[in-house]
Amino acid sequence: MNLKGKKLPRSFYLRPTLEIAADLLGKTIVYCRKDGIVAADIVEAEAYIGEDDPACHAAVGPTERNRVMYGKGGHSYLYFIYGMYNCFNIVTEKAGFPAAILIRGVEPVYGEEIMAANSPDGTKLLTNGPGKFCRAFGLTCEQNGIDLTGNEIYLLDRGIRPSQIVTTPRIGIKKATDKLWRFYDAASKYASRR
DNA sequence: TGTTGGATCAACT
DNA sequence: GTTGATCCAACAC
């Protein structure tokens, strides 16, 4: 494997969320599990920004669920949805301002056998969707609130440049569909939709 | 190719 | 009691 790269520092996560969302494409997410390491390159992400964004979980104000979004950027935000899936987000911006970026699609680079073991038999694309990505990585609410500048979950800059960044409305929501806050690499088959 | 509904449950109204 | 930042199988064209 080649997992060499520069770990993204706290300062990366304290910038404007839309800037970070675009920058996340091509970055590598690494999760050190008890049974091994899984890693994948981000190819799709969506921004959810502040209490004024009606689609953001923080639109209703602080609750127990969205608590970590109000914390400092550079932490994980995981939540359980539709009774069966988890979604992984990266908290951004300074403490007190609730914002996060949903990781919707990644390209596996290491630990494919662990991802396959976590996924239903026969699944080909294991990580082209937020629910599938979390299932393949084995991410659940137990990983909520983890500091991404630590050693369990972190992001790596391996110098990868996404070939074709496209901006679209966010997926699966009914509010604020006018905002083009979804970013993905159109050249990747691991983007959830085109 | 497109639309529909079931699975399954925590958070919120 | 209702809904949702999902996914997939089963249909209708």
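Convention: sequence-line order gives letters A, B, ...; per-chain numbering from 1.
Taking the P atoms as reference points, dG5(B) lies 13 Å from dC13(C), given to the whole Å.
Using a 4.0 Å cut-off on heavy atoms, the residues of residues 172-193 of chain A that approach DNA chain C are Gly172(A), Ile173(A), Lys174(A), listed by number.
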### Query
Given the rule that a pair is Watson-Crick or G-U wobble with both distances under 3.5 Å, how would you write DNA chain B in dot-bracket, using | for pairs to a different strand?
|||||||.||||.
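If you measure from atom CD1 of Ile103(A) to atom C1' of dA5(C), you get 12 Å, rounded to the nearest angstrom. When rounded to the nearest whole Å, the span between OH of Tyr79(A) and P of dT3(C) equals 18 Å. Counting to the nearest Å, the P atom of dG4(C) and the CG atom of Leu102(A) are 16 Å from each other. Asp121(A) has its CG atom 15 Å from the C1' atom of dC8(C), to the nearest Å. Computed from coordinates, the Leu139(A) CG to dT6(C) P distance equals 16 Å when rounded to whole Å. Residue Asn66(A) contributes atom CG, which lies 13 Å from atom C1' of dA5(C) at whole-angstrom precision. If you measure from atom NZ of Lys132(A) to atom C1' of dT6(C), you get 10 Å, rounded to the nearest angstrom. Atom CD of Glu44(A) is separated from atom C1' of dA5(C) by 11 Å (rounded to the nearest Å).
Within the 4.0 Å cut-off from OP1 or OP2 of dC7(C), not a single side-chain nitrogen or oxygen of Arg135(A) is found.
For Tyr48(A) and His57(A), the ring centers are positioned 6.0 Å apart or more.
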Pairs under 3.5 angstrom, nitrogen or oxygen only, protein versus nucleotides 1-11 of chain B, please.
unit_1	atom_1	unit_2	atom_2	d
dT8(B)	O2	Tyr82(A)	O	2.5

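Counting only N and O atoms by type, the side chains of Lys7(A) and Asn151(A) include a donor and acceptor under 3.5 Å apart. Side-chain contact check for Ser76(A) and Gln143(A): no donor-acceptor pair (N or O, by modelled atom type) lies under 3.5 Å.
Leu102(A) pairs in a side chain to side chain contact (heavy atoms under 4.5 Å, CB included) with only one of the listed residues (Ile90(A), Ile171(A), Asn89(A)), which is Asn89(A).
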